[in-house]
Protein chains: 2
Amino acid sequence: MDFIKEKLEQGEYRLTRQRQVILDVMQEAEGEHLTAEEVLLAARRQSPRLGIATVYRTLERLASLGILYKSRFDEGKHRYEMADASQHHHHHIQCVGCGRIFELAEGLLDGIENEVNQQGFAVINHRLTIYAMCPQCKSE
Amino acid sequence: MDFIKEKLEQGEYRLTRQRQVILDVMQEAEGEHLTAEEVLLAARRQSPRLGIATVYRTLERLASLGILYKSRFDEGKHRYEMADASQHHHHHIQCVGCGRIFELAEGLLDGIENEVNQQGFAVINHRLTIYAMCPQCKSE
DNA sequence: GTAAATGCAAAGCGTTTGCAGTCGA
DNA sequence: TCGACTGCAAACGCTTTGCATTTAC
């Protein structure tokens with residue numbers, strides 16, 4: 001949390017009440033991938049007058065500082081998670097039954113990445129999403 | 001094209017002039033991934049009064065029949081391509097410079113898929129997107 | 001003839017922006 | 001103090017929907 005405060009200050013950004021609340025929400029949601037709407041709902045329990053625009057602006061700022069990681073699955077909306085929790089987890093399994101998202105180990109694609117680089121590309125990032133039925137939904 | 005007509009008729013759907021035009025556009029765009037807007041623009045050269053709603057409805061129908069393949073990259077919109085051209089090409093390299101999309105061979109992920117299945121999931125589909133600078137943009 | 005498909009316009013959703021007022025450093 | 005931030009509402013881009021009209025079979 002101190003490290004986050006530092007990062008904000010370095011950029012001449014302010015740690016407002018709203019940002020604290022949003023950060024709390026994100027940290028409590030360890031392992032989940034929240035939409036802006038979900039963040040708003042949770043954060044309003046602490047800060048009822050919070051507006052959706054502030055949520056978006058905050059999430060965007062935190063993502064650009066590398067505090068949050070922003071991703072988009074096969075939906076029309078973005079999802080956010082703490083960057084340290086995500087730690088390069090750009091690989092997910094999305095359950096087509098319940099919509100939950102599971103993590104997949106990093107480094108699975110190192111070989112493929114090298115191959116692409118050898119074809120003349122400069123790989124910057126990658127994302128793998130597997131669509132599956134999770135064990136729970138499968139048994140229902 | 002006959003095979004497409006057949007598929008439409010099986011579902012009691014009609015091969016209208018608009019659908020033919022849209023199919024033509026998609027077939028001429030071999031290897032490209034078009035947005036609805038791009039399809040509209042191209043199709044209007046043949047059918048000037050064509051509306052965007054028809055494009056969406058047609059693309060949706062064709063995708064649900066397996067004639068088109070619909071995907072979403074890290075943008076706010078969908079892209080479509082002929083399913084036979086895509087032939088399981090759910091793997092792409094998207095250039096962060098020019099936005100162009102390159103294909104990646106299928107089957108790269110078979111090993112990973114097996115592993116996930118062994119963890120109790122039932123894998124249905126998967127998608128890999130690599131973000132990179134393409135050789136051309138890299139040299140600029 | 002009749003069900004399906006069209007074009008238009010309006011509404012939907014997630015997201016962004018403009019602006020006057022507020023607040024943190 | 002003063003620039004960053006907020007809340008609100010209006011606008012945005014992509015997509016979907018309602019409805020009266022047209023069209024394919």
Side-chain angles (χ1 to χ4, degrees), chain A residues 1-2 4-23 25 33-65 67-68 70-80 99, chain B residues 1-2 4-23 25 33-65 67-68 70-80 99:
Chain A
M1 194 64 186
D2 284 346
I4 289 172
K5 209 173 164 183
E6 229 169 74
K7 271 212 166 174
L8 279 169
E9 279 165 1
Q10 276 173 12
E12 309 224 302
Y13 302 127
R14 293 172 185 170
L15 188 52
T16 61
R17 160 144 187 72
Q18 291 89 333
R19 288 186 178 171
Q20 296 205 47
V21 172
I22 290 173
L23 275 166
V25 167
H33 303 69
L34 303 180
T35 63
E37 194 63 33
E38 288 165 348
V39 173
L40 178 69
L41 239 66
R44 276 196 170 157
R45 286 181 307 193
Q46 294 296 109
S47 191
R49 306 203 51 220
L50 184 64
I52 188 73
T54 299
V55 173
Y56 276 112
R57 281 188 282 232
T58 299
L59 293 176
E60 204 51 47
R61 175 118 304 159
L62 295 175
S64 78
L65 290 171
I67 294 169
L68 294 185
K70 173 182 178 181
S71 53
R72 159 171 249 148
F73 299 92
D74 228 334
E75 316 166 286
K77 50 198 164 188
H78 293 105
R79 291 184 174 273
Y80 304 83
Chain B
M1 195 64 186
D2 283 344
I4 290 171
K5 210 173 163 186
E6 229 170 76
K7 271 211 167 176
L8 279 170
E9 279 166 1
Q10 275 173 12
E12 310 224 301
Y13 302 128
R14 294 172 186 172
L15 188 52
T16 61
R17 160 144 188 76
Q18 290 91 332
R19 288 187 178 169
Q20 295 203 48
V21 172
I22 290 174
L23 274 166
V25 167
H33 303 69
L34 303 180
T35 64
E37 193 64 31
E38 288 165 348
V39 173
L40 178 69
L41 239 67
R44 275 196 170 156
R45 288 181 306 191
Q46 293 296 110
S47 191
R49 307 204 51 221
L50 185 63
I52 187 73
T54 299
V55 173
Y56 277 112
R57 281 186 282 230
T58 299
L59 293 175
E60 204 51 48
R61 174 119 303 160
L62 294 176
S64 77
L65 289 172
I67 294 169
L68 296 184
K70 174 183 178 180
S71 54
R72 160 170 250 148
F73 299 92
D74 230 336
E75 317 165 286
K77 51 196 163 189
H78 293 105
R79 290 184 174 275
Y80 304 82

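Because only heavy atoms are used, hydrogens play no part in the values below, and waters and symmetry mates are left out as well, while side chains stay in. Fair warning: this is a prediction, and the values are worked out from it, not measured in the lab. Chain identifiers are assigned alphabetically (A, B, ...) following the order of the sequence lines, protein sequences preceding nucleic acid strands; residue numbering begins at 1 within each chain.
- Using a 4.5 Å heavy-atom cutoff, the side chains of Leu23(B) and Ile67(B) are in contact.
- Residue Arg61(B) is in sugar-phosphate contact alone, with no base atom involved, counting any heavy-atom pair closer than 4.0 Å across all strands shown.
- Taking CG of Asp74(B) as the start and NE2 of His78(A) as the end, the distance is 6.0 Å to the nearest 0.5 Å.
- Residue Gln18(A) has no polar side-chain atom (N or O) positioned under 4.0 Å from OP1 or OP2 of dC23(C).
- Checked against Arg19(A) for a side-chain contact (heavy atoms from CB on, under 4.5 Å), the options Val21(A), Leu15(A), Ile22(A) give a single hit: Leu15(A).
- For residues 33-58 of chain B, the pairs satisfying salt bridge (charged side-chain N to carboxylate O under 4.0 Å, His left out) are Glu38(B)-Arg79(B), with sequence neighbours left out.
- Annotation: side chain of Leu34(B) is in contact with side chain of Val25(B) (closest heavy-atom distance under 4.5 Å).
- For the segment residues 41-50 of chain B, residues with any heavy atom less than 4.0 angstrom from an atom of DNA chain C are, sorted by number, Arg49(B), Leu50(B).
- Scored by the ring-ring contact (aromatic ring centres under 6.0 Å, His included) test, Phe73(A) finds His33(A), His92(A) as partners (sequence neighbours excluded).
- A search for side chain to side chain donor-acceptor pair (under 3.5 Å) contacts involving Gln46(A) returns nothing, not counting sequence neighbours.
- A donor-acceptor pair is defined here as one N or O able to donate and one able to accept, closer than 3.5 Å; no such pair exists between the side chain of Lys77(B) and the backbone of Thr35(B).
- In this structure, Arg72(A) reaches neither bases nor backbone, as no heavy-atom distance under 4.0 Å exists between it and the strands shown.
- Think of the region where chain B sits on DNA chain D: with heavy atoms and a 4.0 Å cut, that region ends 5' and 3' at dC14(D) to dC25(D).
- When rounded to the nearest whole Å, the span between CD of Glu38(A) and C1' of dG14(C) equals 13 Å.
- For Ser47(B) (side chain) and Ala43(B) (main-chain N/O), no donor-acceptor pair under 3.5 Å exists by modelled atom type.
- Between the CG atom of Leu15(A) and the C1' atom of dC23(C) there is a distance of 13 Å, given to the nearest Å.
- A straight line from CZ of Arg19(A) to P of dC23(C) spans 15 Å, rounded to a whole angstrom.
- Annotation: the terminal axes of the helix from dG1(C)-dC25(D) to dA25(C)-dT1(D) meet at 30°, where each axis is the rotation carrying the C1' atoms of four end pairs onto the next four (5 pairs per end, rounded to 10°).
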Write down the protein N/O and nucleotide N/O pairs, taken from nucleotides 16-22 of chain C, whose separation is under 3.5 Å; answer none if there are no such pairs.
residue: dG18(C); atom: O6; partner: Arg57(A); partner atom: NH1; Å: 3.2

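- If Arg14(B) and Gly51(B) are placed on DNA chain C by their nearest nucleotide, the residue sitting closer to the 5' end is Arg14(B).
- Applying the ring-ring contact (aromatic ring centres under 6.0 Å, His included) test to Tyr13(B) and every residue at least two apart in sequence or in another chain returns nothing.
- Distance check: Tyr80(A) OH to Leu68(A) CG gives 8.5 Å after rounding to the nearest 0.5 Å.
- The distance from atom CD of Glu75(B) to atom C1' of dT15(C) is 16 Å, rounded to the nearest whole Å.
- A salt bridge does not link Glu75(A) with Arg72(B): none of the charged nitrogens is closer than 4.0 Å to a carboxylate oxygen.
- Of all heavy-atom pairs between Ala36(B) and Val55(B), the closest is O-CG1, 3.7 Å.
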Check nucleotides 11-13 of chain C for protein N or O atoms closer than 3.5 Å to its own N or O atoms and list the pairs.
none

